[in-house]
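Lettering of chains follows the sequences in order, A, B, ..., and the numbering in each one begins at 1. What you see is a predicted model; the values in this text were computed from it and never measured.
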Number of protein chains: 2
Amino acid sequence: MKPKLTLKQIARELDVSVSTVSKALRDSVEISEETRQKIKAFAKLYNYKPNNIALSLKNRKTKTIGLLLPEIVHDFFATIIAGIEEVANKRGYNVIICLSNNSFDREVMNMEMLASGSIDGFILSVAKETQQKEDYHHLEEVINQGMPVVLVDRVVDCITCDKVIIDDMEGARKAVQHLIDNGCRKIAAITTVDYVSVGKLRTQGYAKALKENNRTVDETLILKIEDIDNSEQQIVNFVRDHDMDGIFAVNEHFSTSAIKGINLKGLSVPGDVSVISFSDGELSKRFIPSLSTINQHGAEMGRKAADLLIDRLELPVDDEKYQTNVIGTSLIVRESSSIKSTAMF
Amino acid sequence: MKPKLTLKQIARELDVSVSTVSKALRDSVEISEETRQKIKAFAKLYNYKPNNIALSLKNRKTKTIGLLLPEIVHDFFATIIAGIEEVANKRGYNVIICLSNNSFDREVMNMEMLASGSIDGFILSVAKETQQKEDYHHLEEVINQGMPVVLVDRVVDCITCDKVIIDDMEGARKAVQHLIDNGCRKIAAITTVDYVSVGKLRTQGYAKALKENNRTVDETLILKIEDIDNSEQQIVNFVRDHDMDGIFAVNEHFSTSAIKGINLKGLSVPGDVSVISFSDGELSKRFIPSLSTINQHGAEMGRKAADLLIDRLELPVDDEKYQTNVIGTSLIVRESSSIKSTAMF
DNA sequence: AACAGTCACGAAATCGATTTCGTGTTGAAA
DNA sequence: TTTCAACACGAAATCGATTTCGTGACTGTT
């Protein structure tokens, strides 16, 4: 209906020039008090708002940041988004979200789409397929173009830019140490294939904890999942076929499948087997028994990533030094890993 | 580094005018085959991409849609986003996401921010606080300004625009009927306060199912939650203090709290009490026992909303008639509501 | 030879806002 | 009376791309 007001229309209406209107609205001393008040009153009355697009073009900055994630129906990523959005909003930025669905092609497409002027900088977590292909041309291109990029969680070592990660290895080590402290003797790991960077690191953390306690790493007790969507049966079978009293899983879903397997075997959690996993989402809190986890502080990661990016956009480019921020993890002990009675004495 | 290529630079480099370059790249017949090839080759070589912002300004359309949601760390909303993103991406649109965190002020702020030229249209689910205040000026303003708006899930009756909702009342009725079919005689409802539109409708569906089966609605068996974040203890107490053999909850979280309460009472699910809820998220699938639910098909809602909005943006404004699309629900029976043995004979 | 019609391209307006320069008017100082 | 500064405002360039309208150079027709 109302095709929204422009400076030109105000100028015509008030019989002054466009420049005068612009200056008046920005409180320039060039304009007389009287004219200024008249223009501002008119603008307020008709609710004038400068056109963002025109401003973006003029200023060569869009005040929006692009966020490219592998998926979104996943508490961890959703939490990251919430953190980013919180900071972006506070600092006057908008967030454009794109999903790669873990596909390399979609990741490339989306980056090209956004890089053509729509955004001032990128925050991204690379797709699984991209990590598998190890093809990062699209990233290099965007960076060479002078656009700031912050990598979160699923990062790429060979790309130099700001990064926000969690200490996956240390988190995993802490988790397994917790199981050991609880008296577990045969601890299994349910993890992902190695090309997923965070999966690999967590597997290493698992091994590290065992070695630090002079345990041998039994490869048959490590299950590496390729296809996450159809992992349940695989995990149930794994649990059924192996003897264990502790399980470290790299995410909540693996944990719940494992617990199902344990129950089917006629054993109980934590009575016979202790379970702990990464990712502290709703599932962990609500599950019965509630799940012990390593909390990744997704919101903090998101906030940190957004601050890093916006700082680089707004602050003088003093240093070309890139930061890698490590967000701490915390061990949250719940029912699934309560101390075994045999270990209490 | 490379401050990205513009038409002007190509023109200067090739010693032709800007108009010629633009026309050549758009395959205009005005330009000779030879010049066209030369320009296109140059553009490809240096990877020219037109500036989106300049295009937006010129075309008066940004090819991006604004999405304003109450929250995101919630499977249902995350699923809606995925659906919207899927369609938007396919049809060449970007999605800017803002979160209101259920706050009225943030909802208004974000709408103003986006409405100033950044987007072509809105998809939104109104904040709880907004529904409580019943103040929809910001919505009316945006709509009067001529910007298409699609409301999803948490809609507002008094606003005329396209809407995508689920049949909350019917879904609830189906759920409760399922419990009745399973032999439940005392069915409790765990729902939200009435000003949340979907909560109210679901409560009505619960009552409707009971009446259709000639049962009386016992108000003491209806628990209305105000503060969702601190609802667990309240629910546990409610379950402890009342006698019931069936529970209908308006979301997964209430279900799990209820199950915890039942267990604490020394009863089991579904043996003693059947449980069913709205929202088919990860939690329902993974929980032990797995939860029977009413699936809301969030992805479909998102896809439908995006299609509605983009149609209105692109198709001739043939009709001012607004659609209200009702997305069906489906009953998913899992372990938490398996038929009671007593009811089987 | 004169005129019309292509062809191939450039100039300029446009989108909406900001900002740098000018410039006409006024009052005061010399 | 002349001159100069301050004042208040407008014209025009700019951001990057598209598009309308013109125009100079040829070609072809009679």
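- Lys23(B) comes within 4.0 angstrom of a nucleotide base, judged by non-hydrogen atoms across all strands.
- Look at NZ on Lys38(B): it is 13 Å from P on dA8(C), rounded to the nearest Å.
- A 4.0 Å heavy-atom criterion places the boundary nucleotides of DNA chain D facing chain B at dC15(D) to dC21(D), written 5' to 3'.
- Using a cutoff of 4.0 Å between basic side-chain nitrogens and carboxylate oxygens, Asp153(A) and Lys163(A) are not scored as salt-bridged.
- Ser56(A) comes within 4.0 angstrom of nothing in the nucleic acid, heavy atoms only.
- Contact check on Arg312(B) versus Asp162(B) returns a salt bridge, with a Lys/Arg side-chain nitrogen under 4.0 Å from an Asp/Glu carboxylate oxygen.
- Between Phe42(A) and Tyr46(A), the angle of the ring planes lies from 30° to 60°, which puts this pair in the tilted group.
- Comparing Lys8(A) and Ser19(A) by the nucleotide of DNA chain C that holds the closest heavy atom to each, the one mapping nearer the 5' end is Lys8(A).
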Open item on the list: Assess the residue pair Thr35(A) and Ser32(A) against the criterion (side-chain hydrogen bond (donor to acceptor under 3.5 Å, both in side chains)); give the C-alpha distance rounded to whole Å, side-chain angles, the decisive distance to 0.1 Å, and a yes or no.
Closed with: CA-CA 5 Å; Thr35(A) 315; Ser32(A) 71; 2.8 Å; yes
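- A salt bridge links Lys63(B) with Glu314(B): at least one charged nitrogen is closer than 4.0 Å to a carboxylate oxygen.
- Regarding Glu33(B), its CD atom lies at a distance of 17 Å from the C1' atom of dT6(C), rounded to whole Å.
- If you check every strand for non-hydrogen atoms under 4.0 Å, Leu7(B) touches a base.
- Residues Leu99(B) and Leu68(B) are not in side-chain contact: their nearest non-hydrogen atoms beyond the backbone lie 4.5 Å or more apart.
- The pair Glu129(B)-Arg106(B) does not count as a salt bridge, with every side-chain nitrogen at least 4.0 angstrom from each carboxylate oxygen.
- Under the 4.0 Å criterion applied to side-chain N and carboxylate O atoms, Glu86(A) and Lys90(A) are assigned as salt-bridge partners.
- Heavy atoms of Ser22(A) sit under 4.0 angstrom from at least one base atom.
- Backbone-only engagement by Val16(B) is indicated by non-hydrogen atom pairs under 4.0 Å involving sugar-phosphate atoms exclusively.
- Atom C1' of nucleotide dT23(C) and atom CD of Glu30(A) are separated by 12 Å, given to the nearest angstrom.
- If one axis is set at each end of the helix from dA1(C)-dT30(D) to dA30(C)-dT1(D) from five pairs, those axes are 80° apart, to 10°.
- Salt bridge annotation for Glu300(A)-Lys304(A): absent, with no cationic side-chain nitrogen under 4.0 angstrom from a carboxylate oxygen.
- Position along DNA chain C of the nearest nucleotide to Ala54(B) versus Arg36(B) favours Arg36(B) as the more 5'-ward residue.
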